[in-house]
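Here the structure is laid out as structure tokens; the discussion comes afterwards.
Whatever order the structure lists ligands and atoms in, that order sets their numbers, starting from 1.
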Amino acid sequence: MSFLNETMECMPREELKKLQSERLLDTVRRSYENVECFRNRMKELGLTPDDIHGIEDLPKLPFSYKKDLRDYYPYGLFAVPMKDVVRVHASSGTTGKRIVVGYTQKDIDMWDECVARMLAALGVTSGDIVQVAFGYGLFTGGFGLHGGAAKLGATVIPISSGNTANQIQTMVDFGATVLCCTPSYAMYMGEEVERLGVKDQLKLRIGVFGAEPWSENMRAQIEEKLGLKAYDIYGLSEVLGPGVSCECMEQAGMHVWEDHFAVEIIDPETEEVLPAGTPGELVFTSLTKEAFPVIRYRTRDICVLNAEPCKCGRTHIRMAKPDGRTDDMLIIRGVNVFPSQIEEVLLKVSGDRITPNYQIVVDRVNNVDTFDINVEMSEVFFSDNIKEMEKLEKNITEQLRAMLGISAKVHLVNPKSIVRSEGKAKRVIDNRKGKI
Ligand code: DLL
């Protein structure tokens with residue numbers, strides 16, 4: 001196992017709790033003094049920073065929400081004057097208006113350290129050549145991975161996402177050993193590498209993928225197509241960007257860097273804190289951020305925590321792959337549907353007959369929801385054999401009905417006909433707006 005900061009990453013839990021307590025008190029005090037929204041919420045609960053004595057008091061604190069970022073757009077939640085903010089990033093909000101987050105230089109240093117720690121945990125070293133194919137710009141992926149890889153002393157290729165043919169040529173010519181991007185884009189690049197027949201010219205050994213849900217089957221396919229070991233990393237703009245949590249080489253969940261982020265799981269309905277091992281909504285509190293501290297931020301990601309010790313020796317708690325979001329849940333004909341459930345069925349049923357590319361199309365006709373799923377056939381399976389195709393369509397339809405409790409129209413579509421993404425894949429097209 002390789003560590004960037006073994007003292008922190010393997011700190012005994014009692015010490016970690018003490019450190020979290022000190023840092024939480026400081027965060028609460030700074031937020032109370034400088035962030036009107038937080039101060040008002042504390043007052044509504046009859047609380048002042050003096051009522052918070054340590055990390056065990058976390059559940060007393062008020063929650064914060066994505067909506068707050070819209071209501072206080074763009075800088076109203078910052079806890080430092082703008083002269084101390086050295087960078088802003090933004091991500092899409094649920095209703096179109098961007099949400100904006102800010103960083104002081106100290107925040108950027110902490111971010112770099114968290115990402116460098118993460119890369120070291122995956123076996124990346126200063127000898128690696130890291131191709132950062134996450135988008136640069138307001139999205140946190142590009143700059144986040146860039147800062148961490150540079151901090152580790154690796155050589156960074158800051159290519160950003162897109163221009164895939166050039167991307168692959170660069171990977172070959174510059175001898176990239178590490179690739180960082182979304183899993184969808186890694187999959188797309190894998191297909192292109194296959195098409196160009198250049199796999200044996202690649203030097204890739206480690207893939208650092210995240211920013212969207214992906215399955216174990218997708219991981220296996222990416223590993224095969226690109227000839228690397230693929231790791232999952234998690235983060236969100238509001239809390240930091242990439243670098244909040246990541247797998248270690250054990251690949252048994254993602255360690256949350258708890259010296260910087262306190263994590264809870266709550267019941268999204270009752271808001272009650274749930275014990276490790278019980279699925280619920282992930283909630284984060286930043287413990288060291290200056291410009292944009294977040295307190296009990298409701299991520300809407302559904303997840304499970306694992307408090308068991310990890311074989312790698314790190315003491316920081318692990319989170320499972322997020323299993324959908326409370327807000328990307330579709331309600332189709334009154335039934336709750338998660339895209340991840342559909343993906344699960346597709347992977348189970350298909351073998352090598354379909355690719356991981358699919359699209360869910362929901363509409364409303366005569367007050368009834370329509371539910372279509374376009375599933376892309378693999379080149380191996382694609383043929384004139386209509387009977388075989390119909391059989392597969394029927395099989396998928398039946399399995400989906402058993403899993404979801406409603407039926408969907410499944411359409412097998414030609415290889416490579418679903419538009420590829422250079423960022424996050426758009427899996428759901430919901431045309432019902434204004435019709436419900
Ligand atoms: O996606 C930050 C990031 C960049 C993470 C690069 C990893 C790598 P946002 O655009 O704000 O930030 O989106 C955050 O993406 O709440 C999750 O729903 C989802 N997400 C992020 N990582 C994963 C993952 C970045 N590994 C939202 N698995 C989060 C599943 C993920 N979902």
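- Of the heavy atoms in Asp301, only side-chain atoms (C-beta onward) come closer than 4.0 Å to ligand 1.
- Electrostatic pairing of Asp109 and Lys151 does not count as a salt bridge here, judged by no charged N lying under 4.0 Å from a carboxylate O.
- Using a non-hydrogen distance threshold of 4.0 Å, Lys424 registers as a contact of ligand 1.
- Screening Phe78, Tyr73, Tyr72 for a ring pair (Phe, Tyr, Trp, His ring centres under 6.0 Å) involving Tyr75 leaves a single residue, Phe78.
- The closest protein non-hydrogen atom to atom 9 (P) of ligand 1 is Ser237 OG, 3.5 Å.
- Between Trp111 and His260, the distance from one ring center to the other does not fall under 6.0 angstrom.
- Counting heavy atoms under 4.0 Å from ligand 1, residue Phe134 touches it through the side chain alone.
- Atom 26 (N) of ligand 1 has its closest protein heavy atom at Ile233 O, 2.6 Å.
- Counting atoms of ligand 1 from 1 in the listed order, those under 4.0 Å from a heavy atom of Thr140 are 2 (C).
- Judged by a 6.0 Å distance limit and a 45° cone about the ring axis, Arg298 is not positioned over the six-membered ring of Tyr65.
- Classified by interplanar angle (parallel below 30°, tilted 30° to 60°, perpendicular above 60°), the ring pair Phe261/Phe284 is perpendicular.
- Salt bridge annotation for Lys348-Glu344: absent, with no cationic side-chain nitrogen under 4.0 angstrom from a carboxylate oxygen.
- A cation-pi arrangement, defined by a distance under 6.0 Å to the six-membered ring centre and an angle within 45 degrees of its axis, is present between Arg427 and Tyr358.
- Residue contacts with ligand 1 do not include Phe209, since none of its heavy atoms lies under 4.0 Å from the ligand.
- Residue contact annotation: Glu212 has a non-hydrogen atom under 4.0 Å from ligand 1.
- Of all the atoms in ligand 1, the ones that sit under 4.0 Å from a non-hydrogen atom of Phe139 are 1 (O), 4 (C), 10 (O), 25 (C).
- Nearest protein neighbour of atom 25 (C) of ligand 1, counting heavy atoms only, is Gly235 O, 3.5 Å.
- The ring of Tyr136 has its center closer than 6.0 angstrom to the ring center of Phe143.
- Among all protein heavy atoms, the one lying closest to atom 20 (N) of ligand 1 is Ala211 C, 3.5 Å.
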